Amino acid sequence: MTEFVTIRNLEGSEADLCRAAEILRAGGLVVFPTETVYGLGGDARNESSAKKIYAAKGRPSDNPLIIHVAKPEDAEPYAVTCDLYYRLAKAFLPGPLTMILPKKDPIPLATTGGLDSVAVRCPSHPVAHRLLELCGFPVAAPSANRSGSPSPTCAAHAKADLDGRVDMILDGGDCEIGLESTIVKIDGDTLTLLRPGAITPDALSLVCKEVNIADSVLGQLKEGERVLSPGMKYRHYAPASPVILLDGAPDAVLRFLQSEQKKKPCAILCYDEELPVLKNERLFPVGARDDLAAQAKILFHALRDADAVGAEIIYAHLPPKEGLGLALYNRMIRAAAHTVRTIE
Ligand code: AMP
Ligand code: MG
């Protein structure tokens, strides 16, 4: 049985959050809101909690979990920190940045998918922050979706995927950012971007001179290729209907969509500006063309909705690779299994 709790304001919810912390301490699973997406939490020190998380998600157990703490210094007993960690923490935490560091013993290999490193994050969402304070131990939390479906950006998505598989779901409303955290690996004075998110490479460059971008962020991995971030090798964010990304001048893409929607039952993730021109029952607006933050917030919701209408194909625009666009691009090429169609 999954208990469903709505958090309207922090002050009135202290008793519920205390209970959630107790469930986690006792080895149970709690879904909680963060500023990026909803997380599926378990005690990061507890091997059996980690195993339960993998089972609830149906996630391969070599795909490591991110550990969440209330404050950057709370990671000390669990990860080998360094100067760059604290510089980045000062600039971006609490917030949507995850840092990979060498792990310390209290974090079992079951939590890190067998790796000797650990991913650390301090979410800024007030509910997540208070829950972590009440726990006083690190909470391992991947996105609260079944493996392969888009990350949940509201409690209803988490419920659709995990009802009956977790002890409690805390509903804290819609996630502000809507895409998972930026992940960087720290090596001395160098950063490698493993997953793009709301903290962009340009923002990271203000704190660290050398920011490399892992090949897996933009490209398709070759069979058997070694990856720095195991999650990148799985077909993530994938709806059941095939997704095709369209690349081309705005007018040409719009003309293509107008003609295509007459030929077959397709769903379209369109820009707000295109709504009046396309006129189709299967349109899912993703925000204005130039409003990347709005697109980030809506994207996973739109993908779930588009998938629910059972269309033969889902068409979407290929996002730009600049700024926040890089995070959208990275998610969309995965949702589309790298299927991009160029429109002349
Ligand atoms: P999710 O939990 O769904 O947000 O995904 C977590 C992501 O963090 C996955 O892509 C993992 O591969 C990545 N990750 C977590 N821990 C590590 C680690 N120690 N080294 C590299 N990547 C990691
Ligand atoms: Mg995930």
Side-chain angles (χ1 to χ4, degrees), residues 29 31-42 44 49-50 52-54 56-69 75 78-81 85 96-104 107-123 125 128 138-153 157-158 161-162 175 177-187 191-199 212-217 221 225-239 299-300 303-304 327 330-331 333-335:
L29 302 184
V31 169
F32 60 96
T34 83
E35 69 280 19
T36 57
V37 301
Y38 272 71
L40 163 53
S49 298
K52 279 194 203 167
I53 292 176
Y54 288 113
K57 268 183 80 79
R59 173 168 171 147
S61 61
D62 68 342
N63 190 354
L65 309 173
I66 295 174
I67 71 164
H68 295 65
V69 288
Y78 310 105
V80 182
T81 63
Y85 170 78
L97 178 66
T98 297
M99 293 184 251
I100 312 248
L101 297 162
K103 88 167 187 72
K104 288 187 180 168
I107 300 297
L109 291 169
T111 296
T112 64
L115 297 176
D116 54 11
S117 57
V118 63
V120 178
R121 163 159 149 69
C122 303
H125 194 291
V139 174
S143 47
N145 53 298
R146 295 274 291 163
S147 208
S149 77
S151 291
T153 55
H157 293 167
D161 279 17
L162 297 175
C175 298
I177 294 172
L179 294 180
E180 306 88 341
S181 60
T182 300
I183 303 182
V184 292
K185 188 167 196 317
I186 301 184
D187 286 305
L191 284 186
T192 306
L193 179 72
L194 302 183
R195 179 172 75 185
I199 309 285
N212 304 311
I213 297 186
D215 291 346
S216 56
V217 167
L221 292 165
E225 189 175 340
R226 196 182 151 268
V227 275
L228 289 171
S229 182
M232 288 296 171
K233 72 180 180 225
Y234 295 107
R235 185 170 172 241
H236 234 181
Y237 325 110
L299 179 68
F300 287 145
L303 272 173
R304 275 182 189 254
N330 171 269
R331 304 313 189 271
I333 53 169
R334 283 182 167 67

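Bear in mind the structure is a predicted one, so any value in this text is a computation, not a measurement. Remember, it's 1-based here, ligands and their atoms both numbered in the order they're listed.
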Test item: Arg304 side-chain N/O and Pro150 main-chain N/O as donor-acceptor pair under 3.5 Å: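 The answer is yes, because a donor-acceptor pair under 3.5 Å joins these two groups.
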Give the atoms of ligand 1, by number and element, whose distance to some non-hydrogen atom of [X] is under 4.0 Å.
X      : result
Leu115 : 18 (C), 19 (N), 20 (N)
Ile183 : 7 (C), 8 (O), 13 (C)
Arg195 : 1 (P), 4 (O), 5 (O), 6 (C), 7 (C)

For ligand 1, note which part of [X] has a heavy atom under 4.0 Å away: side chain, backbone, both or neither.
X      : value
Met99  : neither
Val37  : neither
Thr112 : neither

Proximity winner for atom 6 (C) of ligand 1, if only heavy atoms of Arg121, Glu180, Arg59 are counted: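 Shortest heavy-atom distance from atom 6 (C) of ligand 1: Arg59.
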Can you tell me if an N/O/S atom from Ser143 lies under 2.8 Å from the Mg ion (ligand 2)?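 Ser143 does place an N, O or S atom closer than 2.8 Å to the Mg ion (ligand 2).
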Set of salt bridge (charged side-chain N to carboxylate O under 4.0 Å, His left out) partners for Arg146, sequence neighbours left out: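 Residues passing salt bridge (charged side-chain N to carboxylate O under 4.0 Å, His left out) with Arg146: none at all.
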Are Lys103 and ligand 1 in contact, using a heavy-atom cut-off of under 4.0 Å?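 No heavy atom of Lys103 comes that close to ligand 1.
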Have Arg121 and Thr34 got a donor and an acceptor in their side chains that come within less than 3.5 Å?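 There is such a pair (donor and acceptor under 3.5 Å, judged by atom type) between the side chains of Arg121 and Thr34.
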For residues Ser181 and Thr36, is any side-chain donor paired with an opposing acceptor at under 3.5 Å?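 Side chains of Ser181 and Thr36: no pair found under 3.5 Å.
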